[in-house]
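Quick note: residue numbers are just sequence positions, from 1.
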Amino acid sequence: MAATTAVDDERPIGPAQCWCCGTTEDLAKLVHLGNHSEVAVCVRCAHSLSKWAWEIEDQTRTGLAVSARDRFRRLRKAVVRRGWHQHRYVGRGLRWIGRFTP
């Protein structure tokens, strides 16, 4: 982890670790939580957290858009379960599409 300073307003100096996956990144490349600046996640985990939060919000909603997003989520889970996202020919396209789907 990063070294902490004595003053609360200052951020730690040097590389820090993602609280989600544990990768070490430069502190400027991590996303910090508002009230808890000591908690930092990498951009990749921040995107995942955003998608998971959206899924939780959709649990209390109904409508065509919600059902479409649920279908995309089920499809994504099936692709990952089968390992198609790492396929030599179609994996790159599937990962690219995954960036823009819920």
task = Check the pair D26 / K29 against salt bridge (charged side-chain N to carboxylate O under 4.0 Å, His left out), numbers first and verdict last.
result = CA-CA 6 Å; D26 184 27; K29 294 183 179 182; over 6 Å; no

task = For the pair R74 and E55, evaluate salt bridge (charged side-chain N to carboxylate O under 4.0 Å, His left out) and give the outcome as yes or no after the intermediate values.
result = CA-CA 11 Å; R74 283 195 302 270; E55 187 173 355; over 6 Å; no

request  = Might you work through the side chain to side chain contact (heavy atoms under 4.5 Å, CB included) test for H32 and L27, ending with a clear yes or no?
outcome  = CA-CA 9 Å; H32 298 271; L27 196 59; 3.6 Å; yes

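Heavy-atom neighbours of R95 CZ from other residues, nucleotides or ligands within 6.0 Å: above the threshold of 12.
The backbone N or O of G22 lies less than 3.5 Å from a partner atom in the side chain of Q17, making a donor-acceptor pair. Within the 3.5 Å criterion, the main-chain N or O of E38 finds no donor-acceptor partner in the side chain of H36.
Here the side chains of S48 and W52 are in contact, with some heavy-atom distance below 4.5 Å. R73 is listed as a side-chain neighbour of D58, based on a closest heavy-atom distance under 4.5 Å. Looking only at side-chain heavy atoms (C-beta outward), C42 and C21 come within less than 4.5 Å of each other. At a threshold of 4.5 Å between non-hydrogen side-chain atoms, the residues L49 and V41 count as touching. Here the side chains of R69 and K51 are not in contact, with every heavy-atom distance at 4.5 Å or above.
Residue L64 comes nearest to S67 through the heavy atom pair O-OG, 2.9 Å, listed as atom of the first residue, atom of the second, then distance. Smallest separation of non-hydrogen atoms from T60 and E57: OG1-O, 3.1 Å.
Linking Ile, Leu, Val, Met, Phe, Trp and Tyr whenever their side-chain heavy atoms come within less than 4.5 Å leaves I97 and L75 in two separate clusters. If you chain together hydrophobic residues whose side chains sit under 4.5 Å apart, W96 and V80 never meet in one group.
Atom CH2 of W19 is separated from atom CG of L30 by 12.0 Å, given to the nearest 0.5 angstrom.
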